[in-house]
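Here the structure comes first, spelled out in structure tokens, and everything after it is commentary.
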Amino acid sequence: MMNPKTAMTIGGSDSSAGAGIQADLKSFTALGIHGTTVLTSITIQNTQTVKKIIPTSAEDIRNQIETVMEDIPIKHVKTGLLYEPSIAKIVSSATKKYNWDLIVDPVLTATSGDSLASTNLTEEIKKTLIPISTIITPNIPEAEAVTQHSISTVEGMKQAAKKIHTMGAKHVVLKGGHLQNKKAYDILYDGKQFTELSLPKIPNKKAHGSGCTFSALITAYLAKGNNVQSAFTQAKYSLWNMINNGYTIGEGSDVLRITNQTIKNAPQKIQSSLHLETWMYLSKIIRKIVDELPLSFTPEVGCNIGFALPDAKNKNDICALNGRIVRSSNKPQRCGPLQFGSSKHIASIILAVMKTYPNQRCAMNIKYTSKNLSMIKQTSFRISSFNRINEPENTSSTMDWGTKTAIKKTETCPDCIYDTGGMGKEPMIRILGQNPSDVYRKLKQIIHQY
Ligand code: PXL
């Protein structure tokens with residue numbers, strides 16, 4: 001195995017490990033980057049409150065940087081909580097000395113509202129860090145503090161980004177989560193053009209550490225060799241999925257799920273809000289299915305499930321796993337991200353069903369065994385089938401032909417279609433339904449016959 005690439009974070013410890021150095025290190029690790037850590041402070045906090053900040057001495061901070069740098073080659077460095085202006089000065093000289101690519105997250109306050117900076121830190125960041133930063137990643141209150149202008153619209157964000165760019169930052173990433181919009185807009189400005197990304201805000205999730213994690217992910221993507229624009233985009237989608245899969249450990253904010261799995265399963269290239277809603281719906285149901293699917297329902301080739309946009313025309317309109325739910329260590333496990341256009345197989349089935357029954361937009365395959373079939377027969381589901389022996393030679397898709405053949409045999413849409421396989425083809429049962437919940441409900445009813 002190759003040695004991992006390296007990066008550094010200079011920031012504070014968060015004893016609840018949701019933000020700060022801990023979130024940075026988790027983000028680096030999730031992307032396969034070895035993170036080194038320079039502690040500027042210890043914060044004493046839980047998910048509800050910051051009780052105390054104990055700064056590290058300037059000498060010890062300098063010593064940490066020098067000791068790491070005399071031994072380990074590092075190019076990408078992220079700063080978080082610096083706390084005092086003198087620390088910003090130390091980072092500034094080190095950036096010049098070691099020729100770092102510096103990613104500055106100008107941390108001023110915690111999610112809980114507690115202040116994380118002594119006076120004059122904003123001024124020092126403006127004076128010494130912004131002019132040498134590759135990227136600065138403020139949220140709205142931080143951008144307001146830096147520009148001395150209030151921001152309440154996406155247009156206002158763009159004006160602020162331009163202003164911060166004139167202060168010397170090569171790129172400005174402005175995080176719009178604080179705007180009162182349904183969507184979270186984030187923008188990247190490189191001095192010439194804006195890249196705008198928006199994803200729906202995740203309701204009821206006050207996520208602690210999302211700012212740290214976003215800039216740490218950007219840093220890690222840069223360390224992996226991505227350019228700024230792709231680092232920004234990838235980090236945004238990964239972060240969104242980490243918030244979406246966040247979890248509760250205390251009475252206060254949730255914690256992000258900063259794992260490689262969450263990054264791998266993040267949405268990619270989402271074209272519209274309808275695409276994203278479809279993705280989210282299927283994603284949620286897949287989680288339940290993986291938890292509850294008996295191994296006896298998992299075919300050798302694995303399970304897939306697809307969900308089509310209304311009026312789907314081709315496989316690009318169908319969201320499915322680019323991978324499968326497979327057996328691993330004796331339990332079902334999801335592998336692969338959910339993507340539009342990723343499965344010709346499941347798309348052929350759904351598109352064939354939708355030709356006759358446009359509302360039936362979801363399908364999932366499960367293992368065929370005579371026992372599974374007899375369990376389905378105990379329900380009131382309509383069952384149909386096809387036989388591969390009867391497939392004409394000139395069909396372009398067996399699934400299209402088989403599904404249409406099975407549909408012709410019943411007066412209303414079947415709930416299940418099975419075939420008993422063929423040469424080198426595993427027999428299979430497909431569950432059809434209007435949407436992921438409908439398919440999940442039918443699956444549970446079949447499991448219940450056990
Ligand atoms: O999210 C900003 C931040 C950075 N660093 C530390 C923190 C926080 C927020 O709570 O605790 C150590």
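All ligand and atom numbering here is 1-based and tracks the order in the structure.
The ring pair (Phe, Tyr, Trp, His ring centres under 6.0 Å) test applied to H275 returns F340, not counting sequence neighbours.
The shell of residues lying under 4.0 angstrom from ligand 1, judged by heavy atoms, excludes G80.
Against a heavy-atom cut-off of under 4.0 Å, L81 is close to the following atoms of ligand 1: 5 (N), 6 (C), 12 (C). Ligand 1 places these atoms under 4.0 Å from at least one heavy atom of H208: 9 (C), 10 (O). For ligand 1 and L116, the ligand atoms under 4.0 Å from any heavy atom of the residue are 3 (C), 7 (C), 8 (C), 9 (C).
Of the protein's heavy atoms, C212 SG, 3.6 Å lies nearest to atom 3 (C) of ligand 1. In this structure, atom 12 (C) of ligand 1 lies nearest to the protein heavy atom G12 O, 3.3 Å. G20 CA, 3.5 Å is the protein heavy atom nearest to atom 5 (N) of ligand 1. For atom 11 (O) of ligand 1, the closest heavy atom belonging to the protein is Q45 NE2, 2.4 Å.
With 3.5 Å as the limit, one finds a donor-acceptor pair spanning the side chains of T248 and D254. Under the 3.5 Å distance criterion, with hydrogens and angles disregarded, a donor-acceptor pair is assigned to the side chains of E155 and Q159. In the model, T137 has a side-chain atom that pairs as donor or acceptor with a side-chain atom of D105 under 3.5 Å. Judged purely by distance below 3.5 Å, without hydrogens or angles, the side chains of H345 and N365 never pair a donor atom with an acceptor atom.
Remark: of the listed residues K175, K236, K158, K201, K236 is the sole one forming a salt bridge (charged side-chain N to carboxylate O under 4.0 Å, His left out) with D186.
Among the atoms of T109, none of the N or O lies under 3.5 angstrom from an N or O of ligand 1.
Ring geometry for F232 versus F214: interplanar angle of 30 to 60°, hence tilted.
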